[in-house]
Number of protein chains: 2
Amino acid sequence: MPEPFAVLADPARRRILDLLRERPRLVGELTEAVGLSQPGTSKHLRVLREAGLVTVRPEAQRRWYELRPEPLAEIDAWLTPYRWMWADRFDALERHLDSMEDE
Amino acid sequence: MPEPFAVLADPARRRILDLLRERPRLVGELTEAVGLSQPGTSKHLRVLREAGLVTVRPEAQRRWYELRPEPLAEIDAWLTPYRWMWADRFDALERHLDSMEDE
DNA sequence: TAGCTATATAACTGCAACAGCATGTACAGC
DNA sequence: GCTGTACATGCTGTTGCAGTTATATAGCTA
């Protein structure tokens with residue numbers, strides 16, 4: 001199972017996920033949308049599948065790819081301790097104090 | 001300016017950022033912590049610098065590296081439309097309804 | 001069965017990233 | 001000035017990935 005971070009490093013794969021966020025899609029749609037060859041798209045889909053970020057539902061010769069967002073939680077978790085930092089100074093201070101209140 | 005996503009694909013660089021989250025550090029400290037050679041560490045630091053994720057403050061021959069979290073906002077922004085999805089079903093529904101109230 | 005459609009896999013190519021080693025640079029202390 | 005320390009850069013080999021074309025597989029349709 002590849003790391004989500006590495007999987008998202010490729011813009012085409014992020015684009016695919018963005019498209020699947022709206023609704024499940026066929027390989028053909030995705031191919032056209034990302035502007036790659038069909039085999040190229042299939043390769044990216046394989047990577048996404050192995051990372052658990054998409055699932056496939058076969059229907060005759062077609063394959064419906066759908067989003068499976070759970071692995072993104074790992075990225076979100078890594079990001080969490082940083083998240084308060086990049087707001088402007090006032091917001092940053094405010095959130096910092098807010099988080100201290102909870103302790 | 002490289003993409004933050006690509007920069008974070010390497011675990012060593014994420015580790016470096018995690019260490020800098022606590023306090024600024026010297027290259028020597030980071031080298032020991034990540035378990036790479038000193039030149040290897042310097043190279044990762046260069047990548048982080050070019051991505052705007054760290055800044056350097058020279059002090060004699062030493063270089064204090066400090067975190068600059070702003071570029072992480074891009075990742076956070078990409079992640080945002082996904083974030084409600086991976087909570088358990090109840091929370092997911094709840095947040096979804098919450099977000100609809102704002103409209 | 002033959003042929004068409006949709007997708008996956010294979011084989012190949014080019015390139016960029018990463019790691020190691022050696023060397024260069026800058027500063028401090030003596 | 002010389003030596004040591006702290007770090008950066010250059011070079012090289014290797015590996016892995018993204019992209020292509022060609023081919024295989026599976027299921028429909030006639």
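Proteins come first, then strands; the chains are lettered A, B, ... in the order of their sequence lines, and each starts at number 1. Side-chain atoms are counted along with the backbone in the values below, which use heavy atoms only and exclude waters and symmetry mates.
Using a 4.0 Å cut-off between a side-chain N of Lys or Arg and a carboxylate O of Asp or Glu, A:E29 and A:R23 qualify as a salt bridge. The existence of a salt bridge linking B:K43 and B:D10 is excluded, since no basic side-chain nitrogen approaches an acidic carboxylate oxygen closer than 4.0 Å.
Looking at heavy-atom distances under 4.0 Å, A:L45 makes no contact with the nucleic acid at all. As judged by a 4.0 angstrom heavy-atom cut-off over every strand, A:P39 is placed among the base-contacting residues. Here B:G40 lies out of heavy-atom contact (under 4.0 Å) with every strand.
Remark: C1' of D:dC17 and CD of A:E3 are 16 Å apart, rounded to the nearest angstrom. Nucleotide D:dA6 holds its C1' atom 17 Å from the CZ atom of B:R46, rounded to whole Å. For B:Q61 and D:dT3, the CD to P distance is 17 Å, given to the nearest whole Å. The nearest whole Å value for the distance from the CD atom in B:Q38 to the C1' atom in D:dG10 is 13 Å. The nearest whole Å value for the distance from the CG atom in A:L48 to the P atom in D:dC17 is 14 Å.
With D:dA6, D:dT9, D:dA26 as the candidates, the nucleotide lying closest to the side chain of B:R62 is D:dA6. Listed nucleotides: D:dA18, D:dC11, D:dT5. Nearest to the side chain of A:D10: D:dA18.
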Solution key, residues 68-75 of chain A side-chain donor-acceptor pairs under 3.5 Å, sequence neighbours excluded:
unit_1: A:R68; atom_1: NH1; unit_2: A:G52; atom_2: O; d: 2.6

For a quick test of your reading: what N or O donor-acceptor pairs under 3.5 Å do the side chains of residues 55-63 of chain A make, sequence neighbours left out?
unit_1: A:R57; atom_1: NE; unit_2: A:E66; atom_2: OE2; d: 3.1
unit_1: A:E59; atom_1: OE1; unit_2: A:W64; atom_2: NE1; d: 3.2

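Of the two residues contacting DNA chain C, namely A:R63 and A:K43, the nearest-nucleotide position lying further toward the 5' end is that of A:R63. Each of A:A60 and A:A12 was matched to the nucleotide of DNA chain D holding its nearest heavy atom; the match closer to the 5' end belongs to A:A12.
Once you apply a 4.0 Å limit to the heavy atoms of chain B, the touched nucleotides of DNA chain C run 5' to 3' over C:dC18 to C:dA28.
Regarding contacts with the backbone of D:dC7, every side-chain N or O of B:S42 stays at 4.0 angstrom or more from both OP1 and OP2.
B:L26 is not connected to B:L17 by any chain of hydrophobic side-chain contacts under 4.5 Å among Ile, Leu, Val, Met, Phe, Trp and Tyr, and they are in different clusters.
Inspection of the B:W78 and A:D18 side chains reveals an N or O donor paired with an N or O acceptor under 3.5 Å.
Although no hydrogens or angles enter the test, the distance criterion places no donor-acceptor pair under 3.5 Å between the side chain of B:R25 and the main chain of B:Y65.
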